[in-house]
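Following: one structure in structure tokens, then a few remarks.
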Amino acid sequence: MNVFKDLRTKVVAQLEAMVAAGEIPNGLDFSRVAAEPPRDPSHGDAATNAAMVLSKAAKMKPRDIADKLGARLETLDVVKSVEIAGPGFINLRLDHNFWFEQVSTILKAGRSYGDSDMGEGEKVNVEYVSANPTGPLTVGHARGAIVGDALASLLSKVGYDVCREYYINDAGNQVNVLANSAYLRYREALGEDIGEIPEGFYPGEYLKDVGKALVDRDGDKWLGKEESEWLSEVRKFAIDHLMLVIRDDLAALGVVMSLYSSERALVEAGGVDEVMTLLEENKLVYTGVLEPPKGKKPDEWEARPQTLFRSTDFGDDVDRPIKKSDGSWTYFAGDMAYHLDKYRRGFHNMINVWGADHGGYIKRMQSAVTAMTEGKGSLDVKVCQLVNLMRGGELVKMSKRSGNFITLRSVIDEVGKDVVRFIMLTRKNDASLDFDLEKVVEQSRDNPVFYVQYAHARSCSVLKHSLSEFPDLDLSIDALAKTDLSELNSDGELILIRKLCEWPRLLESAGEAHEPHRIAFYLYDLAAELHGLWTKGKDNARLRFIVSDDQELTQARMALVKATSMVIASGLEVFGIEPVEEMR
RNA sequence: GCACCCGUAGCUCAAUUGGAUAGAGCACUUGACUACGAAUCAAGAGGUUUCAGGUUCGAGUCCUGACGGGUGCACCA
């Protein structure tokens with residue numbers, strides 16, 4: 001299905017034949033041999049670096065290998081011509097019919113074109129969002145949620161068995177603060193004047209709902225009681241309530257997790273004790289005193305013995321505490337237990353999507369995974385940089401402290417979930433991103449969401465229109481897939497077809513690199529090819545998609561247009577975005 | 001002070017994981033609508049890829065060191 005992969009296989013087969021014929025030495029490593037679309041289209045349809053990569057080990061000049069390999073490749077059916085260029089590239093031009101057949105392949109595959117078995121069904125765990133259950137999601141959470149979600153879809157498309165997981169931090173101090181804040185609102189809901197929300201409590205208005213809901217359920221039974229009596233019950237109630245809010249926010253964004261894992265449940269089930277045992281068995285914990293961090297508040301520093309994990313043995317900068325001075329576990333201890341749990345559930349491949357402020361946490365977590373799994377588990381962390389929310393070029397100010405934050409929900413309501421999703425994927429995850437509420441709904445070329453959707457809508461529009469021009473045109477997939485495309489031999493058409501054929505390859509490399517944003521750039525380029533082709537019909541009526549005196553040609557063009565719209569739809573599907581059939 | 005991320009056209013960003021002459025959009029200049037959606041397209045101009053070394057057939061990409069920006073730095077989560 002991936003034409004470049006197939007081509008590479010053919011190249012390697014020829015290399016093996018050359019070994020058999022004694023033209024190159026035995027025992028060469030072919031793993032670096034590649035067949036790729038060249039950057040410069042004048043270099044042909046595909047190029048292989050085989051001669052250059054092998055020249056050293058074979059002790060031959062690249063040109064000599066290239067000449068021999070090129071001659072062999074020229075005998076292949078699909079290869080129209082071969083040229084040796086530059087330092088030893090072998091450029092291949094493929095037969096037009098080969099490309100036309102690919103269009104038919106795309107049509108038959110539809111949105112599943114590009115699906116791959118690269119992952120071989122291996123299990124991968126993608127953990128993302130994992131926002132503390134202390135409030136609704138903010139725009140700050142949106143990027144991680146979308147990057148994680150699209151990455152999960154991407155991996156699933158290229159053949160991995162993906163679990164989308166949310167880790168609920170329901171065991172630390174923050175949820176106690178939450179419980180206290182909720183209790184305050186509970187008293188308020190029962191008619192008490194609670195005045196200003198004191199320092200150290202969550203001020204958000206959304207907690208009023210929690211207070212009222214608790215009254216609805218329990219009446220005044222907690223009123224006037226000691227904190228020790230109501231704390232755990234109110235805490236649970238508030239967390240459950242807010243998790244519903246968060247799930248709802250995620251649903252509005254089109255994110256559906258496979259699994260929500262609770263930190264508290266894991267700790268209570270003894271997960272951390274198990275980790276401790278494991279570490280102790282391997283002599284990876286000890287009691288020690290850390291050096292004070294340099295360049296940061298040395299006055300508050302106080303040397304004290306702590307239970308430490310030897311993370312420096314696994315690449316970390318300092319050993320990390322797993323117990324607090326009061327004897328309770330640190331957050332890190334719970335997180336270790338959580339990752340061990342994931343590993344034991346069969347996820348040797350783990351990916352976490354984190355905010356930029358957690359960058360300093362990566363090494364210790366990776367050390368922990370390496371230590372606990374004896375190097376068999378792998379953890380990749382995708383760090384998402386800040387999103388600058390703007391409106392008409394002006395930065396929208398937010399302050400978490402005062403509770404004055406912009407909710408994710410309000411942004412979705414304003415611009416729509418599909419726009420939010422696409423824009424969040426238009427940058428590498430580790431680069432910061434401007435999100436301008438006005439620009440993202442603009443209908444122009446510099447708004448990629450619009451531009452890509454417009455290409456899809458145009459395709460749908462022309463397909464519809466072709467039927468009014470030729471009422472007996474058969475646009476069924478079967479008919480289109482069988483259409484003779486041999487007249488689609490203009491430069492623009494062939495470029496578009498080749499671009500379509502890059503889709504499977506793009507998916508695999510984006511999947512391998514864990515970089516879903518590449519799809520956004522691909523879709524933009526693909527849309528540009530389609531728009532460009534469209535306008536060529538302005539200069540030359542023969543190049544219009546619908547040629548009013550030539551039904552055969554029109555049918556062929558419709559096959560290409562349909563294939564293009566399918567690939568666009570397929571890409572948008574990975575992003576969780578519905579392609580539109582008309583612009584409004 | 002240490003660690004991680006980043007540095008590419010005036011601006012916002014790509015660059016097929018080390019490939020050939022570094023590409024798009026915006027802005028600027030010039031052109032294309034009696035025609036399938038001009039919400040679009042074509043062309044021009046714009047670069048010492050922050051700097052200095054190194055690795056090799058070949059470096060924006062890998063290594064070292066500067067410089068500049070961001071983030072984080074014991075018993076928070």
Side-chain angles (χ1 to χ4, degrees), chain A residues 4 32 34 36-40 42-43 47 49 51-53 55-56 61-62 85-89 91 132 134 169 171-175 263 289-296 300-304 306-308 316-321 323-328 330-332 334-335 355-363 383 385-386 426-428 430-434 442-448 450-451 454-455 457-458 461-466 468-469 502 505-506 509 512-513 515 517-518 521 524-525 528 531-539 541 544-548 554 557 582-583:
Chain A
F4 297 98
R32 288 176 58 215
E36 305 173 322
R39 268 202 254 252
D40 184 342
S42 73
H43 292 144
N49 59 357
M52 292 174 298
V53 170
S55 103
K56 196 167 197 180
K61 285 183 189 157
F89 285 101
N91 294 333
N132 291 331
T134 55
N169 298 134
N173 254 327
Q174 299 191 13
V175 284
E263 178 187 6
V289 180
L290 290 174
E291 293 288 314
K294 285 177 184 168
K296 228 213 158 183
E300 285 175 31
W301 170 262
E302 168 190 338
R304 84 186 119 230
Q306 291 172 299
T307 306
L308 301 169
D316 202 359
D317 307 311
V318 290
D319 290 339
R320 304 292 180 177
K323 253 186 196 177
K324 301 182 200 167
S325 50
D326 66 359
S328 64
T330 59
Y331 176 78
F332 180 52
D335 220 359
D357 53 341
H358 286 64
Y361 198 74
I362 298 175
K363 275 192 186 177
V383 166
Q385 280 294 337
L386 229 63
T426 52
R427 292 282 178 270
K428 253 185 290 205
D430 50 12
S432 66
L433 177 145
D434 292 344
E442 227 168 64
Q443 304 202 329
S444 70
R445 180 164 189 166
D446 64 328
N447 177 5
F450 163 76
Y451 190 71
Y454 180 39
R458 258 188 161 173
S461 167
V462 73
L463 284 160
K464 217 177 299 170
H465 201 268
S466 71
S468 54
E469 198 86 11
E502 283 177 32
R505 177 184 144 82
L506 183 108
S509 59
E512 203 159 12
E515 291 185 350
H517 74 275
R518 294 187 193 191
F521 289 96
Y524 185 86
D525 287 347
H531 289 310
L533 204 52
W534 182 288
T535 309
K536 287 208 171 87
K538 301 278 179 200
D539 303 330
R544 296 180 63 189
F545 288 134
I546 298 168
V547 183
S548 45
T554 301
R557 296 249 160 86
E582 54 186 31
M583 309 304 294

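Below, chain A is the first sequence line, B the second, and so on; all start at residue 1.
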Contact summary for A/A47 and A/N91, nearest pair of heavy atoms: CB-OD1, 3.4 Å
Does the side chain of [X] get closer than 4.0 angstrom to OP1 or OP2 of [N] through an N or O atom?
X: A/K56; N: B/rC57; answer: yes
X: A/R445; N: B/rA38; answer: no
X: A/S461; N: B/rG37; answer: yes
X: A/K324; N: B/rC76; answer: yes

Distance between [atom1] atoms of [N] and [M] (Å, rounded):
N: B/rG68; M: B/rU29; atom1: C1'; answer: 34 Å
N: B/rG18; M: B/rA59; atom1: P; answer: 14 Å
N: B/rU48; M: B/rA32; atom1: P; answer: 34 Å
N: B/rU30; M: B/rG69; atom1: P; answer: 40 Å
N: B/rA22; M: B/rG60; atom1: C1'; answer: 8 Å
N: B/rG19; M: B/rC73; atom1: P; answer: 37 Å
N: B/rA9; M: B/rA27; atom1: C1'; answer: 12 Å

Sugar-phosphate only, base, or nothing, as touched by A/A171 at under 4.0 Å among non-hydrogen atoms: nothing
Sugar-phosphate only, base, or nothing, as touched by A/N91 at under 4.0 Å among non-hydrogen atoms: base
Roughly, in whole Å, what's the span from [atom1] in [X] to [atom2] in [N]?
X: A/H358; N: B/rC73; atom1: NE2; atom2: C1'; value: 13 Å
X: A/H465; N: B/rG37; atom1: NE2; atom2: P; value: 5 Å
X: A/D357; N: B/rC4; atom1: CG; atom2: P; value: 18 Å
X: A/Q385; N: B/rG69; atom1: CD; atom2: C1'; value: 11 Å
X: A/R427; N: B/rG25; atom1: CZ; atom2: P; value: 14 Å
X: A/D335; N: B/rA77; atom1: CG; atom2: P; value: 11 Å
X: A/D317; N: B/rA3; atom1: CG; atom2: C1'; value: 5 Å
X: A/D430; N: B/rA3; atom1: CG; atom2: P; value: 19 Å

Face-to-face stacking of A/H43 with B/rA20, centres under 5.5 angstrom, angle under 30°: yes
Ring-on-base stacking B/rG19 with A/F89 (under 5.5 Å, under 30°):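 The base of B/rG19 is not stacked with A/F89 (the test needs centres under 5.5 Å and planes under 30°).
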Secondary structure of RNA chain B in dot-bracket form (Watson-Crick or G-U wobble, distances below 3.5 Å, | marking inter-strand pairs): (((((((..((((.....[...)))).(((((.......))))).....(((((..]....))))))))))))....
Footprint string (nucleotides 27-34 of chain B, 5' to 3'): B base within contact, S backbone only, - free, heavy atoms under 4.0 Å: --------
Qualifying residues under ring pair (Phe, Tyr, Trp, His ring centres under 6.0 Å), relative to A/F89, sequence neighbours excluded: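 A/F89 satisfies ring pair (Phe, Tyr, Trp, His ring centres under 6.0 Å) with no residue once adjacent residues are dropped.
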